[in-house]
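Worksheet: the structure to be examined is printed underneath.
Note that the coordinates shown come from a computational prediction; the quantities given were computed from them, not determined experimentally. Residue numbers start at 1 and run along the sequence shown.
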Amino acid sequence: MNNQNLGRGKVLIADDDDDSRMMLSFILQEEGWEVYEACNGKEALEKVIEEKPDLLILDNRMPELSGVEVYQYLQAEGINIAVVLATAYGYLDELASSLGVEHFIHKPYEIPALLKMVESAYVHSRN
């Protein structure tokens, strides 16, 4: 892991899969992120409003609200946050394009690709 990047920002991992969420949390903490977790779409919205993370890793298929619904709510409310959309389903490219989401990744994650995507989304949001 790359601990020289300590002092990144805050990241919220919104995923109903406990194992996936815990793995991402561990990896991103090792990379220097302050990590928050949400297990469904409703909790994700609450945590975005409470914690004001810099980045949201957003699974699409979740209970309560889907990732698409969470993203659309954030856009409608003018909440500007970097988003990495994730799903295990094959239509991710088209879905991300239709929403205007630039950063997306397929599950299961390839960790180097995920870290590169997270970095890209974070840097892009800072410019």
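- At least one side-chain heavy atom of Val68 sits less than 4.5 Å from a side-chain heavy atom of Gln72.
- Here the CD-CG distance, from Glu30 to Leu115, works out to 11.5 Å after rounding to the nearest 0.5 Å.
- The CE atom of Met117 sits 11.0 Å away from the CD atom of Glu110 when rounded to the nearest 0.5 Å.
- You'll find the side chain of Leu114 reaches within 4.5 Å of the side chain of Leu24, heavy atoms only.
- Taking the side chain as every heavy atom from C-beta outward, Leu74 and Val48 approach each other to under 4.5 Å.
- The distance from atom CZ of Arg61 to atom CG of Asp15, rounded to the nearest 0.5 Å, is 13.0 Å.
- Taking the side chain as every heavy atom from C-beta outward, Ile57 and Ile105 never approach each other to under 4.5 Å.
- Separating the NE2 atom in His124 from the CD atom in Glu102 is a distance of 4.0 Å, to the nearest 0.5 Å.
- Of all the heavy atoms in Glu51 and Lys10, the pair that sits closest is O-NZ, 2.8 Å.
- Among Leu58, Asn60, Leu65, the one residue that satisfies the side-chain contact (heavy atoms from CB on, under 4.5 Å) test with Met62 is Leu58.
- Side-chain contact between Ser125 and Leu55 is absent, with no heavy-atom pair separated by less than 4.5 Å.
- Side-chain contact between Tyr109 and Met23 is present, with heavy atoms from C-beta onward closer than 4.5 Å.
- By the 4.0 Å N-to-carboxylate-O rule, Asp59 lies close enough to Lys107 to be salt-bridged with it.
- The backbone N or O of Ser66 sits less than 3.5 Å from a side-chain atom of Glu69, completing a donor-acceptor pair.
- Judged by distance alone, the side chain of Lys47 and the main-chain N or O of Leu12 form no donor-acceptor pair under 3.5 Å.
- No continuous path of hydrophobic side-chain contacts links Met22 to Val35 [ILVMFWY only; heavy atoms under 4.5 Å].
- Pairing each heavy atom of Tyr71 with each of Leu99, the nearest pair is CE2-O, 3.5 Å.
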Distance-only check: which donor-acceptor pairs under 3.5 Å involve side-chain atoms of residues 38-45, not counting sequence neighbours?
unit_1	atom_1	unit_2	atom_2	d
Asn40	OD1	Lys42	N	3.0
Asn40	OD1	Glu43	N	2.7
Lys42	NZ	Glu46	OE2	3.4
Glu43	OE1	Cys39	N	2.9

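- Side-chain atoms of Val84 and Val101, non-hydrogen and from C-beta on, never get closer than 4.5 Å to each other.
- Distance check, rounded to the nearest 0.5 Å: CD of Glu94 to CZ of Phe104 gives 9.0 Å.
- There is a path of hydrophobic side-chain contacts, each under 4.5 Å, that joins Leu56 to Ile79.
- A salt bridge links Arg126 to Asp54: one of the charged nitrogens lies within less than 4.0 Å of a carboxylate oxygen.
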